[in-house]
Amino acid sequence: MLRILRAVLLVAMLPVGLACEDGKLQLPELPKVDLPNIPLPKVDTGNLVLIKTPSGGLQLDPTGSDALTALGACSDLVTYCFQPGARSLDECVAAVPQCTTSKPWQEKECCPAACADAYAKARDKGQEPISAFEQTFFLQPDCFPGVRALLEVK
């Protein structure tokens with residue numbers, strides 16, 4: 001189920017055109033999403049109800065800003081850049097802005113250099129681009145500061 005969701009997200013986030021200037025890809029601005037005003041049910045806390053089941057559900061805090069939201073923005077940069085036959089994942093991972101601090105969620109959208117390095121190492125070992133991207137940014141995102149701590153709930 002999680003792989004299907006990732007695949008749907010990747011396809012849904014394919015880009016509009018990018019320009020190439022001086023040999024560098026010019027990345028588009030990510031679309032601004034007004035999360036608090038998305039027409040979804042809300043609970044008293046202001047969280048949006050994404051899924052409701054008899055035993056619970058899934059809510060989204062539209063004001064959240066942490067390592068996971070920054071990782072999402074980083075992967076958005078790559079997926080909005082990627083266009084099969086025109087711009088490869090290799091080019092896009094290399095082209096995204098690099099973060100300058102250990103708290104990327106306090107910066108403009110960026111990806112840590114460690115993620116580009118991890119992706120490049122996976123590619124050097126023979127992994128296909130989409131597999132290396134999935135491995136680096138979703139399955140084992142240890143290159144991104146703070147993500148592991150959030151995923152390992154105690």
Side-chain angles (χ1 to χ4, degrees), residues 1-18 24-36 38 40 47-53 55-154:
M1 175 74 170
L2 195 52
R3 284 183 186 255
I4 293 170
L5 180 57
R6 280 193 212 110
V8 168
L9 286 173
L10 283 174
V11 170
M13 292 188 229
L14 287 178
V16 291
L18 295 181
K24 287 188 168 185
L25 290 176
Q26 301 298 308
L27 300 171
E29 294 243 354
L30 294 178
K32 301 299 178 205
V33 178
D34 187 13
L35 283 178
I38 290 179
L40 289 172
N47 287 356
L48 302 170
V49 178
L50 301 178
I51 299 171
K52 188 173 184 177
T53 66
S55 62
L58 179 62
Q59 296 179 10
L60 173 68
D61 177 357
T63 64
S65 181
D66 60 16
L68 288 175
T69 59
L71 173 60
C74 166
S75 63
D76 280 352
L77 287 170
V78 175
T79 57
Y80 271 84
C81 169
F82 176 64
Q83 187 174 7
R87 290 178 299 278
S88 70
L89 278 172
D90 294 349
E91 292 170 314
C92 292
V93 169
V96 297
Q98 289 191 355
C99 303
T100 59
T101 71
S102 62
K103 295 182 179 179
W105 54 95
Q106 295 176 347
E107 299 182 48
K108 186 166 172 52
E109 294 88 2
C110 61
C111 294
C115 292
D117 294 344
Y119 174 85
K121 284 179 186 170
R123 292 288 288 128
D124 289 345
K125 290 180 180 175
Q127 272 190 291
E128 292 297 315
I130 193 68
S131 175
F133 178 75
E134 181 181 40
Q135 185 74 27
T136 302
F137 293 90
F138 296 109
L139 299 179
Q140 292 180 339
D142 297 325
C143 62
F144 212 97
V147 169
R148 180 64 56 202
L150 291 174
L151 293 176
E152 293 177 349
V153 179
K154 296 176 182 175

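These numbers were taken from a predicted model, which means no experiment stands behind them.
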Quick one: closest heavy-atom pair of [X] and [Y], and the distance?
X	Y	value
Val93	Ala116	CG1-CA, 3.8 Å
Ala122	Gln127	CB-OE1, 2.8 Å
Ile51	Thr53	CG2-CG2, 4.0 Å
Pro104	Cys99	CB-SG, 3.6 Å
Phe137	Cys115	CE2-CB, 3.8 Å
Val49	Leu40	O-CB, 4.1 Å

Output the distance between atom [atom1] ([X]) and atom [atom2] ([Y]), rounded to the nearest 0.5 Å.
X	Y	atom1	atom2	answer
Asp117	Gln98	CG	CD	7.5 Å
Leu58	Lys52	CG	NZ	13.5 Å
Glu107	Lys103	CD	NZ	11.5 Å
Thr136	Tyr119	OG1	OH	8.0 Å
Asn47	Asp61	CG	CG	5.0 Å
Glu109	Ser75	CD	OG	11.0 Å

Centroid-centroid under 6.0 Å between Phe138 and Phe133 rings: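 When the ring centroids of Phe138 and Phe133 are compared, they turn out to be within the sub-6.0 Å range.
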CA sep, side-chain torsions, deciding dist, call: Cys81, Cys92, disulfide (SG to SG under 2.5 Å): CA-CA 6 Å; Cys81 169; Cys92 292; 2.0 Å; yes
Is there side-chain contact between [X] and [Y], with heavy atoms separated by less than 4.5 Å?
X	Y	value
Leu68	Leu151	yes
Gln59	Leu48	no
Leu150	Asp66	yes

Expected output: side-chain Glu152 to main-chain Ala149 donor-acceptor under 3.5 Å: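 Absent.
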